[in-house]
> 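Below is the structure I would like to discuss, written out as structure tokens.
Index from 1, following the sequence. The shown structure was predicted, so the numbers you read here are calculated from the model rather than taken from an experiment.
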Amino acid sequence: MLLEPLDLVVFVGYCLLIIGMGIFVSQEKKGHEKNSSDYFLASKALPWWAVGASLIASNISAEQFIGMSGSGFALGLAISTYEWMAAATLLVVAIFFLPVYIKKGIYTMPGFLLDRYDSRVRTTMAIFWLLLYVFVNLTSVLYLGALSLNTILNVPLTYGIVGLALFAMIYSIYGGLKAVAWTDVVQVVFLICGGLATTYIALQMVGGGDAWEGLGLLRKEVPGHFSMILSKGEMMIPDGQGGTRDAYLDLPGLSVLVGGMWITNLSYWGFNQYITQRALAAKSLDEAQKGMIFAGFLKLLMPLIVVIPGIAAWVIVKDGIDQSFIQSMTDPTTGLVKSDRAYPTLLQLLPVGLKGLAFAALTAAIVSSLASMANSTSTIFTMDIYKKYFGRNASEKEQVRVGRITAAVAFVIAAVVAPALGQLDQAFQFIQEYTGFISPGVFAIFFFGVFWKKTTSNAALVGAALSIPLSVLLKVIFPELPFIDRMGVVFLILAALMISISLYEGKGKDHPNAIEINRELFKTSTSFKVGAFIISGIIAALYIVFW
């Protein structure tokens, strides 16, 4: 399939707009040289709406558009738990963790660990995060983005990976977080408008030209795809190899509400550099918290954009509505219908003009996340590795230069590794599972570091060091244990170890670096309270309706 001239105009116009805007906002005033605060924290000048938009643009990427839509195709609405629980998590982070971070004036999450514990904990977690960002996050987003280019335009996978990496590098490496955050404001508009257009067309196709009728038919045709809490054996999904496996392994019943899902969400939204970095760059704590509320409302909307199209694609394939659609969904190598091809295939159905907009939305989601991940990778390496071990007296100019080189190297490594993900059926689940190897340890050391004054540095180091080995061990011994439940078990083991070590070492005394917290620290504005109340009510209503 080729884009029509009007689609190309829309898409090329989008590309030029983003690159031009990124370069423009990156310019410094005459006589001012870009320093580390400018490059890594956007001069700490972001308003609430820029914080919220950048949070969503950084978060919503190919893993949502392609991966979550693919999971919607296979699992149904239950995968929306990640989005709706994220909205609730944003409230928790805004109230209980952001005030601590901003009070400390930190640049990075490892920097917080240095302040609370010691350099060993900081360095250990910095290395873990660098490996995670490069080999899981950057790699998977590049692969899924290239997969969409391959499905839509028949662009070879390798060319797609290289092209997307270069696009993100053009403006993000030069401008740093300021370029990334301000272009994200535009990106999120493309993302939402283009995404809603795709949803509308998909529902029209199912409903025989009537989108509202199509939405009703989805619930009638595949009621199982609208179950939010899955039971063991309730739904069998493709395993990517021609067989099936139990969907319960991905979303194990009530655990998604009261178990390990909280660990993965809090680790991502509360202790993840390329997410928290946006809030740290806000003008003030109040602006950061309002930005979190704005992001929470946008998260509630995301399943309509990324999950419903996947369910519509399942109905189209199941009912044989369009043979060319089924053919496009089929992997040419294995001959199997591939879940992650659902969204790119839907884009082919859009009319001229909207196709260019939707393609721009998908690309916006991809490059904004790539830029965010690369910027945070460079921030952690520069501030927590380079300055500590190689350039203790590095000038501001040198820090910016090292940050740019690090981002470029991260892109190169990810581009080389990305093609290896081609055998996956649901890349979104790959991302969640392997991020979950480190999440229990991250959650444990931050949670106890903030809220338990007796937590010692050695206890935190044990928590950081054992998270991956324990996760691997449990995966080998109990392969049928859902990875979300596995995260919960690993966290409980780490928590018990950290409490025991802290009590033995500290002999009941507070750690000298313990954080002083009080009620005043967690006070929020009236507008925040109103927004939080509305978001909580909507989430409760959604689960009641789709239970």
Side-chain angles (χ1 to χ4, degrees), residues 1-3 7-8 10-23 57-70 133-175 179-180 183-184 186-188 190-191 194-195 274 306 340-341 343-344 347 355-378 404 407-422 424 427-428 430-431:
M1 184 196 81
L2 295 176
L3 294 178
D7 295 317
L8 284 172
V10 172
F11 179 69
V12 172
Y14 149 75
C15 293
L16 294 176
L17 174 64
I18 294 303
I19 293 172
M21 184 176 178
I23 294 173
S58 302
N59 164 245
I60 302 299
S61 182
E63 69 182 83
Q64 269 78 20
F65 269 103
I66 309 299
M68 188 168 279
S69 186
Y133 290 164
V134 174
F135 290 100
V136 176
N137 296 119
L138 271 174
T139 301
S140 59
V141 172
L142 275 176
Y143 164 71
L144 288 171
L147 177 65
S148 69
L149 292 178
N150 176 258
T151 305
I152 299 167
L153 301 177
N154 203 29
V155 175
L157 203 66
T158 302
Y159 290 174
I161 289 170
V162 173
L164 289 170
L166 288 174
F167 185 6
M169 289 168 68
I170 287 174
Y171 71 91
S172 65
I173 289 181
Y174 173 70
V180 174
T183 53
D184 279 350
V186 178
Q187 308 255 45
V188 86
F190 276 92
L191 185 157
Y274 74 83
V306 297
D340 282 342
R341 285 181 172 267
Y343 198 86
L347 292 189
K355 191 177 296 180
L357 175 63
F359 191 45
L362 177 59
T363 308
I366 294 165
V367 299
S368 62
S369 290
L370 290 173
S372 299
M373 293 167 184
N375 181 261
S376 293
T377 300
S378 70
R404 287 170 174 162
V409 171
F411 272 120
V412 171
I413 295 173
V416 171
V417 176
L421 302 186
L424 300 174
F428 182 78
F430 161 81
I431 297 166

> Can you check whether F167 reaches C15 side chain to side chain, under 4.5 Å on heavy atoms?
yes
> Could you tell me which non-hydrogen atom of A407 sits nearest to which non-hydrogen atom of S378, and how far apart they are?
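Answer, listing the atom of A407 first, then S378: N-CB, 4.0 Å.
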> How long is the straight-line distance from OG1 of T139 back to CD1 of I161, given to the nearest 0.5 Å?
9.0 Å
> Taking side-chain contact (heavy atoms from CB on, under 4.5 Å) as the test, write out the residues that go with V134, two or more places apart.
T377, A410, I413
> What's the shortest heavy-atom distance between S376 and Y133, and which atoms?
CB-CE1, 4.3 Å
> Evaluate the side-chain proximity of F135 to V417: yes if any heavy-atom separation is below 4.5 Å, no if none is.
yes
> Yes or no on side-chain contact (heavy atoms from CB on, under 4.5 Å) for Y143 and L157, after CA distance, side-chain angles and deciding distance?
CA-CA 8 Å; Y143 164 71; L157 203 66; 4.1 Å; yes
> Of all heavy-atom pairs between L370 and L164, which one has the smallest distance, and what is that distance?
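Taking L370 first and L164 second, the nearest heavy atoms are CD1-O, 4.0 Å.
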> To the nearest 0.5 angstrom, please state how far the CG atom of L138 sits from the CE atom of M373.
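So the CG of L138 and the CE of M373 are separated by 6.5 Å.
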> Taking all atoms of both residues into account, what is the closest heavy-atom pair of F411 and A374, and its distance?
CE1-CB, 3.5 Å
> State, to 0.1 Å, how close A415 and L142 come at their nearest heavy-atom pair, and which atoms those are.
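Scanning both residues, the minimum pair turns out to be N-CD1, 3.7 Å.
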